[in-house]
Amino acid sequence: MGVRYELTVVILMVLVHQSVQLRSTHPLHEVVDRINNHGGPYIGLVLAFPAEQVPLLNSGLFVPNSRNPFIQLSGRKFNIGKIKGVDVIYVLTGEQTVNAAITVQSLLQTFNIKGIVHYGIAGCTNTSMSVGDVGVPHSFAFTSSWKWLDFGSEETSEKELKFGAYNHPQTGENLLERIQFSPVQLFTNGKAMEEIFWFPVDAHWYNLATQLQRVKLQQCLNETACLPKEPKVVFGLRGSTANVFMSNLAFAKFLYEEFSISTADEESAAVVHASLSNGVPCVVFRGVSDVAGGEKLALAGLSSLAAINSFKVAAKFVELIGRKKATF
Ligand SMILES: *[C@@H]1O[C@H](CO)[C@@H](O)[C@H](O)[C@H]1NC(C)=O
Ligand SMILES: *[C@@H]1O[C@H](CO)[C@@H](O)[C@H](O)[C@H]1NC(C)=O
């Protein structure tokens, strides 16, 4: 009885695994089957918007599949091909968390994906980092998940931002009162729903990424436009994601001081969240395009180095995973 039960479970698992593709009546069912059977498992390379695609296209590293170079699903173009001989499907999600999550879910449910590599640009809240640096956070928080409290509500021990503390020129009280940062629900198979604040990237992929500490990053756009210092890859960070284009020095300082957050973007936590929900490894590389309240004017023309350098590190990581084939 026990053996038969286990056998049934194994058979069901195999069936489920094979059917993680489009329904049989979907017009692209056969194409997707072919892509999954003739290549892969693929690395899902995820980026948010066209400026982040520019370095990928300029690098010439992506070689499209000759038979099925791309297919469109949920309005996104899934590009099938190879980077340095490694099977890759890359896709632009569109900006902000909902677009990122929809696209990663679609990618993971349709194709045979062994993991997600996410790269792009970010604002920086850590004054020890500069434009062109690439941050590799080990975890991300959704920093626009709030409880907004009413005026005069009781003190708690949660992490809170008091608007009155930012009154200018003098601090005081304020009818907007304060916001309390809240965890987000995470659903995964075989586990009860959890509420977590920090969404971790995959520990194994993160450790592999630390081998890329010395990747040579680009310092100059042309002969005259150069960063004052050689840009660097920075590990050990915490990142933040919100549906907010954050360019406010006071809030940047708050994120750094309260949460030790170094980067601010609009997709990463959602990409990590979708990967965790599906039990697929994920790693994130975010290039600094501006430092909130700092360097903005002086280095404005150099911010495209953020996308260039984050792609450089992501491409090296894809290559690294390709070399480690045996362990996956
Ligand atoms: C800020 O960035 C520097 C690298 O420039 C890093 O060493 C430091 O750990 C970062 N701070 C935090 C709190 O992560
Ligand atoms: C170099 O790049 C900067 C920033 O994009 C630009 O303003 C400048 O005109 C460029 N110089 C040359 C010589 O191409």
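Numbering of ligands and ligand atoms starts at 1, following listing order.
- Interface atoms of ligand 1 facing Ser262, defined by a heavy-atom separation under 4.0 Å, are 12 (C), 14 (O).
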Carefully, step by step, assess His138 and Trp198 under the rule side-chain contact (heavy atoms from CB on, under 4.5 Å). CA-CA 9 Å; His138 52 69; Trp198 294 108; over 6 Å; no
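- Shown here are the ring pair (Phe, Tyr, Trp, His ring centres under 6.0 Å) partners of His273, two or more places apart in sequence or in another chain: Phe142, Phe199.
- Looking at heavy atoms from C-beta onward, Glu158 lies out of side-chain contact with Phe181 at the 4.5 angstrom threshold.
- From Leu212, atom CG reaches atom NZ of Lys312 across 13.0 Å, with rounding to the nearest 0.5 Å.
- Every N/O-N/O distance between Ser260 and ligand 1 stays at or above 3.5 Å.
- Within 6.0 Å of NZ on Lys232 lie more than 12 heavy atoms contributed by other residues, nucleotides or ligands.
- Below 4.0 Å from some heavy atom of Leu237 lie the following atoms of ligand 1, by number and element: 10 (C), 14 (O).
- In this structure, Phe251 and Phe254 have parallel ring planes: the angle between them is below the 30° cut-off, well short of the 60° mark.
- For the 3.5 Å distance criterion, the side chains of Gln180 and Thr156 qualify, holding a donor opposite an acceptor.
- Around ligand 2, the residues contributing at least one heavy atom under 4.0 Å from the ligand are Leu221, Asn222, Thr224, Ala225, Gly301.
- Between Phe285 and Phe317, the two ring planes are tilted [angle within 30° to 60°].
- Both the backbone and the side chain of Ser128 come within 4.0 Å of ligand 1, counting heavy atoms alone.
- Close approach to Val234 involves these atoms of ligand 1, each under 4.0 Å from a residue heavy atom: 4 (C).
- Here Lys232 has side-chain heavy atoms under 4.0 Å from ligand 1, and that is the only part of it that gets that close.
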